[in-house]
Amino acid sequence: MDKIVIEGGQRLQGEVRISGAKNAALPILCSSILTGGRCVFHNVPVLNDVRTMGRLLARLGAEVEGERSLTISAQKLTDFVAPYDLVKTMRASVLVLGPLVARHGRARVSLPGGCAIGARPIDQHLMGLEAMGAEITLSHGYVEARAKRLVGARIVCDVPTVTGTENLLMAACLAKGLTVIENAAREPEVEELARVLVKMGARIQGAGTAIVTIEGVDELQPIEHAIIPDRIEAGTFMVAAAITRGDVLVRDCLPEHLDAVTAKLRAAGAEITAEDGGLRVRAAGPLHAVDITTQPYPGFPTDMQAQFMVLAAIADGQSVITETIFENRYMHVQELARMGAEIHVDGRTSIIRGRPALEGATVMATDLRASASLILAGLVAAGETEVLRVYHLDRGYEKLERKLASLGARVRRVHVAGEQ
Ligand code: EPZ
C-alpha cells in the first residue's frame with residue numbers, strides 16, 4: 001500500500017495539464033452497452049475507477065482494450081450481472097443498470113451499500129425505471145430489473161441526482177416513445193453524456209437543464225469521442241495554486257465549468273484569468289475567509305468542499321461551510337485538526353477559524369476528495385506530512401503527486417509493505 005509524503009512550504013509555479021473527467025468517463029463507458037458495435041473513447045483518465053468499470057464491462061462480455069484511448073466492443077454481451085465484488089469497490093457500477101435493461105431487457109446489479117460520505121440510496125434510479133415499465137425486484141442484496149421494451153414516461157425526480165439522471169437518460173434512449181425527466185441533474189458530465197448519446201443517434205433535448213426530453217429510437221450506433229476535462233481535478237489545482245501563493249496555468253480545463261469555484265477563489269483574494277485554453281491562478285497576498293454552501297450544479301460542487309476547507313483553515317478570518325448534498329462529508333475534518341486546523345462541526349455546518357499555518361503530521365485518507373484535501377494541507381504545512389491510504393486518491397486523480405512535483409512541490413509516493 002502506498003503513502004504520499006509532502007514537505008510543505010513550496011510556492012507552486014508553472015503549468016499543469018488536466019486529464020479527462022472521471023465522472024463523465026464512467027457513464028460514457030457504460031453507454032457503449034447501448035450500441036451493438038465498437039466505440040472508441042479518447043482522453044480517458046487513467047484511474048482505478050475507470051479500470052474497475054472496464055473490468056465490469058468485460059465481465060458482461062464486452063471487449064475492452066486500451067487506456068487513454070479505450071475501445072469497447074459490446075456486440076455480444078454474455079451476462080447481465082454487476083456483481084457485489086465490483087460494485088462494492090465503486091458505486092458508479094450502478095450505471096450499467098439503465099443501459100442493460102434498455103438493450104437487453106434484463107439487469108441484475110448488486111445494491112451499492114453505504115458509503116463513507118453518506119447513505120447514497122438509488123431509489124430515484126429504480127423509481128424512474130419502474131415508471132418506464134421495468135419490473136424491479138430486490139433480493140439477496142441485488143436489484144433485478146426486467147422489461148421486454150421500456151416505454152417512455154414522465155419522471156419527476158425528488159432530488160437532481162447525477163448518476164440517477166444518467167441511468168434514466170441512457171435507458172430512455174431505447175425506450176418506446178417520449179420520456180421527460182424533471183428535476184434532472186444539470187452537471188456538465190450529464191450534458192457530456194447526452195452529447196455522446198446524440199452522436200450515437202439518440203434524440204435528446206434540454207440536457208444541462210432541469211427538464212430533459214428523450215424521444216426513444218430503435219437502435220444506437222457506435223461512435224468515436226474525446227471526453228471533456230475534469231473540472232474537479234482542475235479546481236483542486238486552482239486551490240493548490242492559491243493556498244501556496246503560487247502562479248499556475250491550469251491547462252486543458254473548461255473555464256465555463258468552473259464558475260462557482262472561480263468566484264469563491266476570487267472572493268478569497270486569488271487572481272484568476274482565462275489564458276491559452278485554461279485558467280491562470282495567482283495569489284500573492286493574504287487569503288480571506290469565504291463562506292460556502294455546496295449545491296447541485298451550477299452551484300458550488302460538493303466535490304470541492306474538502307479542498308476549500310484547507311483554504312479556509314489558513315485564511316484570515318472565519319469561514320462557514322455548509323454541506324447540503326451528503327450527510328457525512330466531513331471525514332477530513334479530524335485529520336485536518338491533527339494538522340492544527342481549527343474546525344467546529346455542527347451537523348452539516350462547519351465553522352473554520354483561519355490560522356497562519358498548519359503543522360505537518362501523519363494523516364489518514366478516508367475518501368477520494370478528503371484525500372485530495374490532506375495532500376493540499378501538506379503543501380502549506382510546516383514540516384513533513386504523510387498521507388496514508390492513498391488508494392482513495394488513485395480512484396479519481398491521475399498521478400496527482402507527479403503533477404504537483406512538476407509545479408515545484410516537494411512530494412513523493414512511498415510504497416509501504418502491509419496494512420496502514
Ligand atoms: C455523483 O454521485 C458523483 N459521482 C459524485 O462524485 C458527486 O459527489 C455527486 O454526483 C454529487 O455531485 C459520479 O458521478 C460517479 P447524486 P451520485 O445521486 O450520482 C441523494 C467524486 O468525488 N439521492 O447526485 O451518486 C443522495 O443520497 C464523487 O467524484 C437519493 O436520495 O450523487 C445525495 O444526497 C463522490 N436517491 C444526493 O441525492 C437517489 O436515488 C445527490 O446524490 C439518488 C441520490
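In this chain, numbering begins with 1 at the start of the sequence shown. Quantities reported herein were computed from a predicted structural model and do not represent experimental measurements.
- Taking the charged nitrogens against the carboxylate oxygens, Asp394 and Arg413 do have a contact shorter than 4.0 Å, which makes a salt bridge.
- Ring-centre distance between Phe300 and Phe308: below the 6.0 Å cut-off.
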query: Does the side chain to side chain donor-acceptor pair (under 3.5 Å) test come out yes or no for Ser373 and His332, once each step is laid out?
result: CA-CA 7 Å; Ser373 79; His332 41 285; 4.9 Å; no
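- In the model, His392 has no side-chain atom that pairs as donor or acceptor with a side-chain atom of Asp367 under 3.5 Å.
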- prompt: Can Arg329 and Thr302 be said to form a side chain to side chain donor-acceptor pair (under 3.5 Å), step by step?
  reply: CA-CA 9 Å; Arg329 201 165 205 180; Thr302 173; 2.9 Å; yes
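- Checking side-chain atoms of Asp252 against main-chain N and O of Arg17 turns up no donor-acceptor pair under 3.5 Å.
- For Tyr330 (side chain) and Arg348 (main-chain N/O), a donor-acceptor pair under 3.5 Å exists by modelled atom type.
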Could you list the donor-acceptor pairs under 3.5 angstrom formed by side chains in residues 288-296, with sequence neighbours left out?
unit_1, atom_1, unit_2, atom_2, d
Asp291, OD1, Val320, N, 2.8
Thr294, OG1, Glu323, OE2, 3.1
Thr294, OG1, Thr324, N, 2.8

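- Counted within 6.0 Å of CZ on Arg51, heavy atoms from surrounding residues, nucleotides or ligands total more than 12; the atom is thus considered enclosed.
- The main-chain N or O of Gly285 is found under 3.5 Å from a side-chain atom of Arg245 such that the two form a donor-acceptor pair.
- In this structure, the separation between CD on Glu384 and CD on Glu386 is 6.0 Å, given to the nearest 0.5 Å.
- Across every non-hydrogen atom of Ala25 and Val50, the tightest pair is CB-CG2, 4.4 Å.
- To the nearest 0.5 Å, the span separating CD1 on Ile223 from CZ on Phe41 amounts to 5.0 Å.
- Taking 4.0 Å as the cut-off between side-chain N and carboxylate O, Arg68 and Glu398 count as a salt-bridged pair.
- Look at Glu342 and Arg355 and you find a salt bridge, because one of the NZ, NE, NH1 or NH2 atoms lies within 4.0 Å of a carboxylate O, short of that distance.
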- request: List the steps, then state whether side-chain contact (heavy atoms from CB on, under 4.5 Å) holds for His257 with Tyr297.
  value: CA-CA 9 Å; His257 290 170; Tyr297 191 87; 4.1 Å; yes
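- The backbone N or O of Val156 sits nowhere less than 3.5 Å from a side-chain atom of Asn183 that would complete a donor-acceptor pair.
- Between Ser32 and Leu57, the shortest heavy-atom contact is OG-CD1, 4.5 Å.
- Thr385 places no side-chain N or O within 3.5 Å of a backbone atom of Ile6 that could act as its donor or acceptor partner.
- Looking at Leu265 and Glu271, their side chains never come closer than 4.5 Å, going by heavy atoms from C-beta outward.
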- request: Show your working on side-chain contact (heavy atoms from CB on, under 4.5 Å) between Glu182 and Ile155 and close with a plain yes or no.
  value: CA-CA 6 Å; Glu182 292 189 34; Ile155 301 166; over 6 Å; no
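- The pair Glu275-Arg251 fails the salt-bridge criterion, with no side-chain N (NZ, NE, NH1 or NH2) lying under 4.0 Å from an Asp/Glu carboxylate O.
- Lys399 and Glu401 are not joined by a salt bridge, as no carboxylate oxygen comes within less than 4.0 angstrom of a charged side-chain nitrogen.
- Within 6.0 Å of the CZ atom in Arg11, the count of heavy atoms belonging to other residues, nucleotides or ligands exceeds 12.
- Within the 4.5 Å cutoff, the side chain of Asn328 has heavy atoms near those of the Met331 side chain.
- With rounding to the nearest 0.5 angstrom, the CG atom of Leu279 is 7.0 Å from the CD1 atom of Ile272.
- Looking at His225 and Glu192, their side chains do bring a donor and an acceptor atom within 3.5 Å of each other.
- Atom CE of Met170 is separated from atom CG of Leu97 by 9.0 Å, given to the nearest 0.5 angstrom.
- Looking at Asp230, its side chain does come within 3.5 Å of a backbone N or O of Glu233 through a donor-acceptor pair.
- Contact of the Leu197 side chain with the Ser31 side chain is registered, since non-hydrogen atoms from C-beta on lie closer than 4.5 Å.
- If you take CZ on Arg103 and CG on Leu150, they are separated by 14.0 Å, rounding to the nearest 0.5 Å.
- A donor atom on one side chain and an acceptor atom on the other are not found under 3.5 Å apart for Thr362 and Lys3.
- Of the listed residues (Gln307, Arg369, Lys403, Arg231), just one forms a side chain to side chain donor-acceptor pair (under 3.5 Å) with Thr236, and that residue is Gln307.
- The shortest non-hydrogen separation linking Ala381 to Gly360 is CB-N, 3.6 Å.
- Between Glu224 atom CD and Lys199 atom NZ the span is 8.0 Å, to the nearest 0.5 Å.
- Residues Leu26 and Lys22 form a side-chain contact, since some pair of their non-hydrogen atoms from C-beta on lies under 4.5 Å apart.
- Residues Val212 and Ala184 share a closest heavy-atom pair of CG2-CB, 3.9 Å.
- When atom types are taken as modelled, the side chain of Asp276 and the backbone of Gly278 share no donor-acceptor pair closer than 3.5 angstrom.
- Salt-bridge formation is detected for the pair Arg59/Asp85: a Lys NZ or Arg NE/NH1/NH2 atom is positioned less than 4.0 Å from an Asp or Glu carboxylate oxygen.
- At a threshold of 4.0 Å, the pair Glu15-Arg280 does not count as salt-bridged, since none of the basic side-chain nitrogens sits closer than that to a carboxylate oxygen.
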query: So Val239 and Leu376, side-chain contact (heavy atoms from CB on, under 4.5 Å) or not? Walk me through it.
result: CA-CA 8 Å; Val239 172; Leu376 294 184; 3.8 Å; yes
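- When the shell of 6.0 Å around CZ of Arg266 is examined, it contains more than 12 heavy atoms from other residues, nucleotides or ligands.
- Across all non-hydrogen atoms, the minimal contact from Leu169 to Ile181 is N-CD1, 3.9 Å.
- Few gaps surround OH on Tyr142; more than 12 heavy atoms of other groups in view lie less than 6.0 Å from it.
- Counting only distance, with no hydrogens or angles, the side chain of Gln124 and the backbone of Asp158 share a donor-acceptor pair below 3.5 Å.
- Using a 4.5 Å heavy-atom threshold, the side chains of Leu374 and Ile4 count as separate.
- Contact annotation: the side chain of Val44 never approaches that of Glu67 to less than 4.5 Å [non-hydrogen atoms, C-beta and beyond].
- The main-chain N or O of Leu12 is found under 3.5 Å from a side-chain atom of Thr244 such that the two form a donor-acceptor pair.
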- prompt: Under the side-chain contact (heavy atoms from CB on, under 4.5 Å) criterion, do Val96 and Val109 qualify, and how do the steps go?
  reply: CA-CA 8 Å; Val96 297; Val109 175; 4.1 Å; yes
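- Proximity of a side-chain donor or acceptor of Thr165 to a complementary backbone N or O of Ala185 within less than 3.5 Å is detected.
- Looking only at side-chain heavy atoms (C-beta outward), Gln10 and Leu379 stay at 4.5 Å or farther from each other.
- Proximity of Ile227 to Ile28: side-chain heavy atoms (C-beta onward) are separated by under 4.5 Å at one or more points.
- Ile204 and Cys173 get closest at one heavy-atom pair: CD1-SG, 4.0 Å.
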